[in-house]
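Before any comments, here is the structure.
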2 protein chains.
Amino acid sequence: MRCAITEFQQEQKKRMRSVQDAMDALNGKWKIAIISSICCYGKRRFSDILNDVEGVSNRMLSKELKELELNQLVTRTVLATQPITVEYELTEHGNTLQTIISELSGWGIVHRKKITGK
Amino acid sequence: MRCAITEFQQEQKKRMRSVQDAMDALNGKWKIAIISSICCYGKRRFSDILNDVEGVSNRMLSKELKELELNQLVTRTVLATQPITVEYELTEHGNTLQTIISELSGWGIVHRKKITGK
DNA sequence: CTGAATCCAGATGGATACTG
DNA sequence: CAGTATCCATCTGGATTCAG
């Protein structure tokens with residue numbers, strides 16, 4: 001009977017799928033930088049993020065913010081100013097990413113040393 | 001004097017860069033699945049990984065394994081069998097990713113529930 | 001100010017066939 | 001078995017312009 005092996009592989013598949021789910025929500029060149037920018041300041045306007053995230057274009061920023069909103073990681077609030085301004089904020093769910101981002105940051109530092117600076 | 005703000009922003013930039021360093025090493029459609037496959041079994045052959053990672057082509061597998069090797073996350077060992085076989089294994093450094101992968105997996109499960117199943 | 005629309009170059013990745 | 005080479009469709013993302 002090969003149940004043990006089968007179950008083991010099933011677990012492995014589930015694990016891989018859930019990691020992929022996470023990565024799908026975070027993929028895109030700027031997502032993590034955008035999240036960092038917002039969470040760092042609490043609330044953040046479109047043009048602010050545009051300045052924070054070095055190199056991003058308004059086209060990409062708009063697109064990735066929309067995806068983050070779809071994934072319920074940020075909220076978008078239009079303010080009735082003249083001209084209008086828009087505030088982005090992390091949702092509670094978005095905030096749960098902070099642990100992961102911290103760990104990625106930590107690993108990234110070690111990794112960079114490993115590859116370059118030795 | 002604006003030192004506090006400046007330092008804060010400096011910290012933020014560093015953090016974003018190191019996260020990006022980490023993501024650079026892990027980007028690519030299959031990297032995490034490949035790492036999962038290898039670490040799950042200890043050692044793994046090319047054709048094994050090809051089977052484990054659903055949907056990957058030999059072209060992509062070859063390419064991403066090469067990148068993982070460059071980033072010193074896996075080692076490649078040619079065995080003198082007939083025909084030759086190749087074993088891939090996680091380096092010590094590659095193994096340090098397990099925590100992050102676990103967390104991503106955990107977050108991915110919560111996230112999927114949030115977005116779909118409620 | 002906050003985007004959306006268009007255009008376009010370059011990267012990504014699948015299918016297939018081939019080599020040692 | 002473990003890749004490499006080639007062809008080709010699609011995706012990505014920058015620059016620029018336009019709109020509410």
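All chains are named by letter (A, B, ...) in the order of the sequence lines, taking the proteins before the strands, and each is independently numbered beginning at 1.
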Task: Residue list, salt bridge (Lys or Arg N to Asp or Glu O under 4.0 Å) with K13(A), at least two apart or on another chain - done: E54(B)
- [ ] Mind checking side-chain hydrogen bond (donor to acceptor under 3.5 Å, both in side chains) for R15(A) and listing every partner two or more places apart, or none if nothing turns up?
- [x] none
TODO: Can you tell me which residue pairs pass the side-chain hydrogen bond (donor to acceptor under 3.5 Å, both in side chains) test with a partner in residues 55-68 of chain B, sequence neighbours excluded?
DONE: K31(B)-E67(B)
Open item on the list: Can you list everything that forms a side chain to side chain contact (heavy atoms under 4.5 Å, CB included) with N71(B)? Sequence neighbours excluded, please.
Closed with: H111(A), I115(A), A25(B), L73(B)
Name the pairs: protein N/O against N/O of nucleotides 13-20 of chain D, kept only if under 3.5 Å.
unit_1, atom_1, unit_2, atom_2, d
dG13(D), N7, R59(A), NH1, 3.2
dG13(D), N7, R59(A), NH2, 3.1
dG14(D), OP1, K29(A), NZ, 3.3
dG14(D), O6, R59(A), NE, 2.9
dG14(D), O6, R59(A), NH2, 3.3
dA15(D), N6, R59(A), NE, 3.4

Task: Rounded interatomic separation in angstrom, taking CG from D48(B) and C1' from dC1(D) - done: 11 Å
Task: Cluster check I101(B), M23(B): I/L/V/M/F/W/Y, side chain < 4.5 angstrom - done: yes
TODO: Would you please confirm or rule out a distance under 4.0 Å between OP1 or OP2 of dC1(D) and any side-chain N or O of T85(B)?
DONE: no
TODO: Any side-chain hydrogen bond (donor to acceptor under 3.5 Å, both in side chains) involving residues 84-98 of chain A? Give me the pairs, sequence neighbours left out, ordered by first then second residue.
DONE: R76(A)-Y88(A), T81(A)-T85(A), N95(A)-Q98(A), T96(A)-W107(B)
TODO: Could you state whether M16(A) and V74(B) fall into the same hydrophobic cluster, counting links through intermediate Ile, Leu, Val, Met, Phe, Trp or Tyr residues with side-chain heavy atoms under 4.5 angstrom apart?
DONE: no
Task: Separation of L68(B) CG from W30(B) CH2 (nearest 0.5 Å) - done: 14.0 Å
Task: Span of DNA chain C in contact with chain A (heavy atoms, under 4.0 Å) - done: dC1(C) to dT6(C)
- [ ] Using five pairs at either end of the helix from dC1(C)-dG20(D) to dG20(C)-dC1(D), determine the angle between the two local helix axes and round it to 10 degrees.
- [x] 40°
Open item on the list: Using a 4.0 Å cut-off on heavy atoms, which residues in residues 31-44 of chain A reach DNA chain D? List them by number, or say none.
Closed with: none
Task: Test item: Q12(A) side-chain N/O and C40(B) main-chain N/O as donor-acceptor pair under 3.5 Å - done: no
Task: Counterpart residues, side chain to side chain contact (heavy atoms under 4.5 Å, CB included), relative to N51(A) (two or more places apart) - done: none
Open item on the list: Side-chain N or O of R76(B) versus OP1/OP2 of dA2(D): is the shortest distance under 4.0 Å?
Closed with: no
Task: D21(B): side-chain hydrogen bond (donor to acceptor under 3.5 Å, both in side chains) partners, not counting sequence neighbours - done: R112(A)
Task: Partner residues of D48(B) under the side chain to side chain contact (heavy atoms under 4.5 Å, CB included) criterion, sequence neighbours left out - done: R44(B), R45(B)
Open item on the list: What I'd like to find out is whether the side chain of K29(A) reaches to under 4.5 Å of the side chain of M60(A), using heavy atoms alone.
Closed with: no
